[in-house]
Amino acid sequence: MEDTIVGLDIGTTKTCAVIGFVNENNQIEVTGVGIAPSRGLKNGVIINIDNTVSSIVKAIEDAELMAGTEVGAAYVGVTGQHIKGENSKGVVAVSNRQRTITPVEIKRVIEAAQAVVIPVDREIIHVLSKEFSVDDQTGIKDPIGMSGVRLEAEVHIITGSTTTIQNLLKSANRAGYQCSDVIFAPLASAEATLSRDEKELGVALIDIGGGTTDIVVFIEGGVAYSSVLSIGGIHVTSDISIGLRTPIESAEVIKKKHGASVVDLVDASETIEVPSVGGRAPRRIFRQELAQIIEPRMLEIMEMVDRELARSGKKDILAAGIVLTGGGAMIEGCVEAAERVFNMPVRVGIPRDIAGLKDVVATPQYANGVGLLKYGIKMSRFRTKSKSDRSGGMGSFGTKFRKFLDNYF
Ligand SMILES: Nc1ncnc2c1ncn2[C@@H]1O[C@H](COP(=O)(O)OP(=O)(O)OP(=O)(O)O)[C@@H](O)[C@H]1O
Ligand SMILES: [Mg+2]
């Protein structure tokens, strides 16, 4: 049996640990899940280490108890507005005697593509290959073995604030777990929920969390655009709390129980109970009144996403439409609201192609945690071959190259 790995989703509202391994049928088997409220983050970024550490300990311990195993390596998700995604290109001459592209040329061209100026306070999280060109032939996925004199690579580079990433690593370490790597959160959600066909056809994954909404656009199998917005389900809850004059905690309960993102989809006669503040008696209101508070905020989130999709320049070629993940996508009518704004097919993404506790994690809120486990397993398989490690002296090129390779192979 291969080592057991944990996907650690340190979100703004909850910390979620998903434990699993690759079983004898070569499937990813989820064996334990733990979830604990987060109290140390704002808009996806750690603002209190101690609180974050206790959430991590609680989530992983619960998952370990369920799995009946202890975990070694943790793969941790990172998000927040400090994350930037940009496209870059590199060109090299194929200089070996056979004029044949080998892994050496791939390594050189990826290095060339990474020669963008990265400020000292930022670091590369991913270098994702999009496509290669050999001489005048474009759109090549795997050029190894081809003949040519000129090799060009197009990549998508995701960078983040070094101190923010350090705080994630520090929190995991203080909780007693070794963090093997950080992964941009929505890439993990995509890994858990999207099919290869969707990524080839063109699809946008939108993860609506508590404090952030994350966007990744896939075109022809590669990442073409990524972005993070500082808005999410917390804003919906806060609107309900103000609109119905009820404490945040009850606004959250009401949202989850009765919330709806589209007013017209709610029966006009349906009523719900709202607890009041200051010991006054609870009131009954029409459920449509609640939807009237939620709808504009959900539309605002979708419209902000829509502007990002327009900025990506790829909105018109998303043949597979939009996939929504994150707890924010669990609100009734979310798909309908999104379809109205984006004007294309929308579905909710739940983790796929897994064994074990698949029914337990069959919600969009677990997409991130399960995806971190899946991505982590992929990375750890590669790491076994390359023997590079985040904690064990990461040579800058080694890390960058490794990050590229786990996307490429
Ligand atoms: N059934 C539900 N109906 C409506 N909203 C829900 C439901 N379940 C969860 N949510 C909302 O989803 C949000 C949390 O989603 P998620 O767990 O994906 O976020 P997070 O990972 O903690 O935050 P982030 O990704 O922004 O850092 C909360 O705002 C919560 O109210
Ligand atoms: Mg999240």
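Counting from 1, the numbers follow the sequence of the chain as shown. Note that ligands are numbered from 1 as they come in the structure, with each ligand's atoms numbered from 1 the same way. Just so it is clear, the values below take in all heavy atoms, side chains as well, and ignore hydrogens, waters and symmetry mates.
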A.B. asks: Given 3.5 Å as the limit, does a donor-acceptor pair link the side chain of Glu131 with the main chain of Ile140, or not?
C.D. replies: no
A.B. asks: Can you tell me if Arg284 has over 12 outside heavy atoms packed within less than 6.0 Å of its CZ?
C.D. replies: yes
A.B. asks: Students should be able to answer this: which protein heavy-atom is nearest to atom 5 (N) of ligand 1, and at what distance?
C.D. replies: Lys255 CE, 3.5 Å
A.B. asks: Tell me the contacting part of Glu252 for ligand 1: side chain, backbone, both, or neither, using a 4.0 Å heavy-atom threshold, strictly below.
C.D. replies: side chain
A.B. asks: Among all protein heavy atoms, pick the one closest to atom 21 (O) of ligand 1 and tell me residue, atom and distance.
C.D. replies: Lys14 NZ, 2.8 Å
A.B. asks: For ligand 1, does Gln365 get within less than 4.0 Å through its side chain, its backbone, both, or neither, judged by non-hydrogen atoms?
C.D. replies: side chain
A.B. asks: Of the protein's non-hydrogen atoms, which lies at the shortest distance from atom 14 (C) of ligand 1, and what is that distance?
C.D. replies: Thr13 OG1, 3.4 Å
A.B. asks: Quick one: look up the protein heavy atom nearest atom 1 (N) of ligand 1 and list residue, atom name and how far away it is.
C.D. replies: Met330 CB, 3.7 Å
A.B. asks: Give me the nearest non-hydrogen protein atom to atom 24 (P) of ligand 1 as residue plus atom name, then the distance to 0.1 Å.
C.D. replies: Thr12 OG1, 3.4 Å
A.B. asks: Give a yes or no on whether the backbone of Glu29 and the side-chain of Asn23 come within a donor-acceptor separation of less than 3.5 Å.
C.D. replies: no
A.B. asks: Mark yes or no for whether Arg122, through its side chain, and His82, through its backbone, hold a donor-acceptor pair below 3.5 Å.
C.D. replies: yes
A.B. asks: For the 3.5 Å polar cut-off, considering only N or O atoms, please tell me whether Gly328 and ligand 1 meet it.
C.D. replies: yes
A.B. asks: Which atoms of ligand 1 are found less than 4.0 Å from any heavy atom of Ile234?
C.D. replies: 29 (O)
A.B. asks: Any luck finding a side-chain donor-acceptor pair between Thr162 and Asp121 under 3.5 Å?
C.D. replies: no
A.B. asks: Output the list of atoms in ligand 1 that are nearer than 4.0 Å to some heavy atom of Gly326, sorted by atom number.
C.D. replies: 18 (O)
A.B. asks: Nearest protein heavy atom to atom 8 (N) of ligand 1, by residue and atom, and its distance?
C.D. replies: Lys256 CE, 3.6 Å
A.B. asks: Going by heavy atoms, is Gly211 under 4.0 Å from ligand 1?
C.D. replies: yes
A.B. asks: Rounded to the nearest 0.5 Å, what's the gap from OH on Tyr225 to CZ on Arg311? Could you check?
C.D. replies: 5.0 Å
A.B. asks: When you measure from atom 12 (O) of ligand 1 to every protein heavy atom, which one gives the shortest distance, and what is it?
C.D. replies: Gly327 C, 3.0 Å
A.B. asks: Nearest 0.5 angstrom please: Leu290 CG to Ile285 CD1, how far?
C.D. replies: 5.5 Å
A.B. asks: Within the distance-only criterion (no hydrogens, no angle test), does the side chain of Asp9 pair as donor or acceptor with the backbone N or O of Thr15 below 3.5 angstrom?
C.D. replies: no
A.B. asks: Is there a donor-acceptor contact under 3.5 Å from the side chain of Lys255 to the main chain of Gly233?
C.D. replies: yes
A.B. asks: Please compare Gly233, Gly80, Gly210, Cys334 and report which has the shortest non-hydrogen distance to atom 23 (O) of ligand 1.
C.D. replies: Gly210
